[in-house]
Engineer: 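Can you keep this structure in mind? I'll have questions shortly.
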Amino acid sequence: MPYTVPKLTDYSEAALEKAASECIEACTAESAVVRNDADLKSFRDRWMARKNGILTQINDLWLKGAPKAAKREAGIRVNELKARVTAIVEGARVTAASTDSLAAERVDITLPGVRRAIGAEHPIVKTSHEIVSVFQKLGYSVAAGPVVETDYYNFEALNFPPNHPARDTQDTLFIAGQQEKPQRERLLLRTHTSPVQIRTMEKMPPPIRIVIPGTVHRNDPPDASHSPMFNQIEGLAVDTNITFGDLKGTLDHAMKALFGSSVKTHFRPSFFPFTEPSAELYVTCFICGGSGKRGPDNAPCRPCKQTGWIEVLGCGMVDPNVFEFVKENGYDPKKVSGFAFGMGVDRLALLKYGVDDLQYFFQGDVRFLQQFG
Ligand code: PHE
């Protein structure tokens with residue numbers, strides 16, 4: 001029999017106590033079978049609905065019908081009862097909510113699990129790692145430096161004359177609001193990884209053999225072969241008696257390790273403020289093998305513009321003026337010599353994978369990137 005509210009005739013303490021505990025007992029028993037939101041709603045309505053809920057009935061039958069002398073005592077009882085019933089309904093709500101969410105969260109442990117895709121290296125990162133590891137095998141260590149650089153490290157200590165065009169806003173992305181500072185302290189986005197040559201020589205005395213991978217920025221609008229952000233790998237070797245022959249031998253070895261042993265290298269004179277003499281290194285085109293022509297119908301080879309040669313990096317012997325800036329740390333230009341080189345990783349990755357638009361590397365389209373996984 002479901003609980004119904006009895007009329008009270010006896011308002012003695014014992015009778016009130018009995019009526020109250022019967023009510024609580026019934027409420028507790030009903031709360032125990034609440035399983036879900038629907039149960040909860042009818043349980044709550046039955047007990048707490050303002051119109052004709054059990055608490056309202058108790059209010060009407062027990063309180064309003066109480067004789068004057070018993071009113072106070074009955075009031076206290078009924079209030080207690082309301083608090084108890086409210087607590088029981090709240091308890092049932094919590095149980096119903098957790099039973100519902102437990103059901104929702106139930107997992108079928110017999111199903112096979114979700115296979116998580118293991119990521120792959122981005123083609124540029126992969127190329128960069130390959131190049132770095134070629135030099136690591138020759139005993140080079142890896143160094144790094146900040147992308148936001150000062151004019152001093154990016155230009156001045158690398159022997160760029162004050163009005164060199166590379167300092168021009170055409171190429172360099174300067175940080176705003178630096179005009180108050182002396183020129184050498186002004187901040188910019190490094191335009192090459194060469195500033196890390198100076199930063200490393202300030203920290204480590206010779207002999208030194210390092211490679212420096214990193215991102216650099218130039219004010220170039222993005223197109224199929226340009227990007228305002230790109231990646232370089234710098235190299236620096238300083239010791240006693242380092243010669244241009246060491247530079248040639250090292251880079252020739254590195255190119256063969258990267259592009260295959262049949263690749264030939266070729267140096268052409270060039271200019272960089274921080275190397276003297278300076279050169280550009282060319283390798284035989286690894287698409288057409290150096291012939292400038294492709295396929296059975298001798299189609300013109302595009303990557304090398306039919307020349308058979310591809311420019312891969314800038315290099316040269318460290319200019320003695322550069323050593324002057326780190327002379328205190330053991331780099332006396334009369335005692336040490338060295339070579340440096342810097343290559344564009346993105347361009348090499350483009351050529352290596354036969355990609356025809358540099359922008360694919362930066363758009364993050366998984367359909368493109370998956371091909372390198
Ligand atoms: N820093 C030069 C550039 O970005 C490349 C370079 C590095 C040339 C080291 C010579 C020596 O173009």
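Start at 1 and go down the list; that is how both ligands and their atoms are numbered. The first residue in the sequence is number 1, and the count goes up from there.
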Engineer: For a quick check under 3.5 Å, do Q371 and Y360 share a side-chain donor-acceptor pair by atom type?
Structural biologist: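 Per modelled atom types, Q371 and Y360 side chains form no pair under 3.5 Å.
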Engineer: Need the ligand 1 atom indices (1-based, order shown) with element for anything under 4.0 Å from a heavy-atom of Q232.
Structural biologist: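 Once the distances to Q232 are compared, the set is 3 (C), 4 (O).
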Engineer: Any nitrogen or oxygen of T191, side chain or backbone, less than 3.5 Å from one on ligand 1?
Structural biologist: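 In this structure, T191 places no N or O atom under 3.5 Å from an N or O of ligand 1.
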Engineer: Could you check, using the six-membered ring where one of them is a Trp, whether H192 and F274 have ring centers closer than 6.0 angstrom?
Structural biologist: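 Between F274 and H192, which both carry aromatic rings, the centre distance is below 6.0 Å.
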Engineer: Any idea which atoms of ligand 1 are less than 4.0 Å away from a heavy-atom of S194?
Structural biologist: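 Going through ligand 1 atom by atom, the ones under 4.0 Å from S194 are 1 (N), 7 (C).
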Engineer: Looking only at N/O atoms, are E234 and ligand 1 under 3.5 Å apart anywhere?
Structural biologist: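 Looking only at distances, the answer is no, because the N/O contact criterion of under 3.5 Å is not met.
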Engineer: Closer than 4.0 Å to some heavy atom of F341 - which atoms of ligand 1 meet that?
Structural biologist: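 Near F341, meaning under 4.0 Å from one of its heavy atoms, ligand 1 has 7 (C), 9 (C), 11 (C).
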Engineer: For a quick test of your reading: what N or O donor-acceptor pairs under 3.5 Å do the side chains of residues 234-244 make, sequence neighbours left out?
Structural biologist:
unit_1	atom_1	unit_2	atom_2	d
E234	OE1	T193	OG1	2.8
E234	OE1	S194	N	3.3
E234	OE1	S194	OG	3.3
E234	OE2	S194	OG	2.7
E234	OE2	Q197	NE2	2.6
D239	OD2	R209	NH1	3.3
D239	OD2	R209	NH2	3.3
T243	OG1	G245	N	3.2
T243	OG1	D246	N	3.3
T243	OG1	D246	OD2	3.3

Engineer: Using modelled atom types only, decide if a donor and an acceptor are shared between the side chain of R167 and the backbone of F160 within a distance under 3.5 Å.
Structural biologist: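 Confirmed, R167 side chain pairs with F160 backbone.
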Engineer: Numbering the atoms of ligand 1 from 1, which are under 4.0 Å from a heavy atom of R218?
Structural biologist: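 The atoms of ligand 1 under 4.0 Å from a heavy atom of R218 are 3 (C), 4 (O), 12 (O).
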Engineer: For residues 115-125, please give each side-chain donor-acceptor pair under 3.5 Å, one per line with the distance, not counting sequence neighbours.
Structural biologist:
unit_1	atom_1	unit_2	atom_2	d
E121	OE2	H129	ND1	2.5
H122	ND1	I124	N	3.1
H122	NE2	F361	O	2.7

Engineer: Counting only heavy atoms, tell me which of F274, F272, F271, F339 gets closest to atom 11 (C) of ligand 1.
Structural biologist: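 Considering heavy atoms of F274, F272, F271, F339, the nearest to atom 11 (C) of ligand 1 sits in F274.
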Engineer: So, for P273 and H164, which heavy atoms are closest and what is the spacing to 0.1 Å?
Structural biologist: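 Here P273 and H164 meet closest at CG-NE2, 3.7 Å.
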Engineer: Looking at ligand 1, does M343 have a heavy atom less than 4.0 Å from it?
Structural biologist: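 Contact check M343 vs ligand 1: negative.
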Engineer: Compute both the distance and the angle, then confirm whether R199 meets the cation-pi test with Y153: under 6.0 Å from the six-membered ring centre, within 45 degrees of the axis.
Structural biologist: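 So R199 does make the cation-pi contact.
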Engineer: Side chain or backbone, does Q197 bring an N or O within less than 3.5 Å of an N or O on ligand 1?
Structural biologist: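 No - when backbone and side-chain N and O of Q197 are compared with those of ligand 1, no distance drops under 3.5 Å.
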Engineer: Does T275 reach ligand 1 with a nitrogen or oxygen that is under 3.5 Å from one of the ligand's nitrogen or oxygen atoms?
Structural biologist: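 No, there is no polar N/O contact under 3.5 Å.
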